[in-house]
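Since the structure comes first, as structure tokens, the remarks are kept for the end.
Quantities reported herein were computed from a predicted structural model and do not represent experimental measurements. Whatever order the structure lists ligands and atoms in, that order sets their numbers, starting from 1.
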Amino acid sequence: MAGPEAALKILCVGGARPNFMKLAPLVRALGQDALFEPVLVHTGQHYDEKMSGQFFRELGMPAPAHNLEVGSASHAQQTGEIMKRFEPVLIEENPAAVVVVGDVNSTVACALVAKKLLYPVVHVEAGLRSFDRSMPEEINRIVTDAISDLLLVTEESAMANLYKEGIPQARVVHVGNLMIDSLYFHLEKAKNSDVISRLGITGAFGLVTLHRPANVDDPEHLAELMRALDWISQDFPLYFPVHPRTRAHLKNGNVGERIHLIDPLGYLDFLCLMFHSSAVFTDSGGIQEETTVLGRPCLTLRENTERPVTIEQGTNTLAGTTYDGIVSAWKQVRANPKIARVPQMWDGHAADRSLAALGSFLKNR
Ligand code: UD1
């Protein structure tokens, strides 16, 4: 009689803050399924307690089996260092598949290493396109998708993008949004956070995040965005947890009196603030999705989005990146808030569908 089959080892790679809330539900589901054995690798692209450690704890993720501790550097140095350090780990672990998520440098670096060693690559959040190749994330997305064996997508637009790029449809599965699994899983707990009183918030408020290189690396451009936010802050005070990249470029003189700069927040505190906010002003990708599910108005301070479903069905509005554009978009949203619909399969069960897709992919290889 044959003994029980060994569980399939799945190497799950995360590196930067937005990866962790996408990985957490997947790692949890893999751990609960006897078919699989998840092994977590942290590249260390983000390493501050407030950008990384805190998220692992709050999301209930196990400590990574491997931490590559690459830290910050130029794109080439960071990507190359991740590749060099990931290769021996991959050979040692010899998994059945490697899962990479999102669009950060860790995603493309580990996908390249795995593919060249002939390991199957699974890309979570595949197919999103801003069609702006000056964004480092867009290059990471295109390269990762081109070499992935199983592409798990969050929205219809991604299916169409991959089809146009000639990716065989048999490799693509629409599973929904793992980040929204995390949102539903933690929302009740997040609502109990004391962040509102800790920050001394007593009435309506807005929330700001900015970290895209195109928005924050040029001080003059950042100053223009801050002027637009200052105008908006006449309506309510704005709370702005500042990403380390942005902190380096923000000059005190540019910050209006009703804009409160605070340290980066943990996942639960940030979720709590989004839930209670009157509006969110951001250049993040994930926040466009979270505000859509929470039904909060979101002004995206960018010229494009790789997540069009948040505009077509959700609460998101593209405001551009000029003072006039942002102010006029806000006037419009304030007068006519959008009525949101939650996109298909953003229902808290994307991890189950991802596991089913992974199981059937590995069985049919
Ligand atoms: C990265 C991702 C971006 C993602 C963002 C989320 C790429 C190309 N970009 O951008 O897609 O939306 O993470 O935050 O992968 N720093 C710290 N502590 C940290 C991490 C970074 O102080 O824990 C500082 C360093 O000065 C570093 C700078 O932030 O130089 C930028 O970090 P980096 O990882 O290069 O890119 P992000 O801007 O965070």
With no hydrogens and no angle check, just 3.5 Å: does a side-chain donor-acceptor pair link [X] and [Y]?
X    : Y    : answer
T292 : Q313 : no
H349 : D181 : no
E69  : H42  : no
S134 : D132 : yes
T282 : T209 : yes

Near [X], which atoms of ligand 1 are under 4.0 Å from a heavy atom of that residue?
X    : result
Q78  : 34 (O)
H75  : 8 (C)
P244 : 16 (N), 17 (C), 18 (N), 22 (O), 24 (C), 29 (O)
H211 : 4 (C), 5 (C), 6 (C), 12 (O)

Heteroatom distance test (Q45, ligand 1): nitrogen or oxygen, under 3.5 angstrom: yes

For ligand 1, does [X] get within less than 4.0 Å through its side chain, its backbone, both, or neither, judged by non-hydrogen atoms?
X    : result
E137 : side chain
P18  : side chain
M51  : side chain

Same apolar cluster (I L V M F W Y, side chains within < 4.5 Å links), I326/L222: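 Yes, same cluster.
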
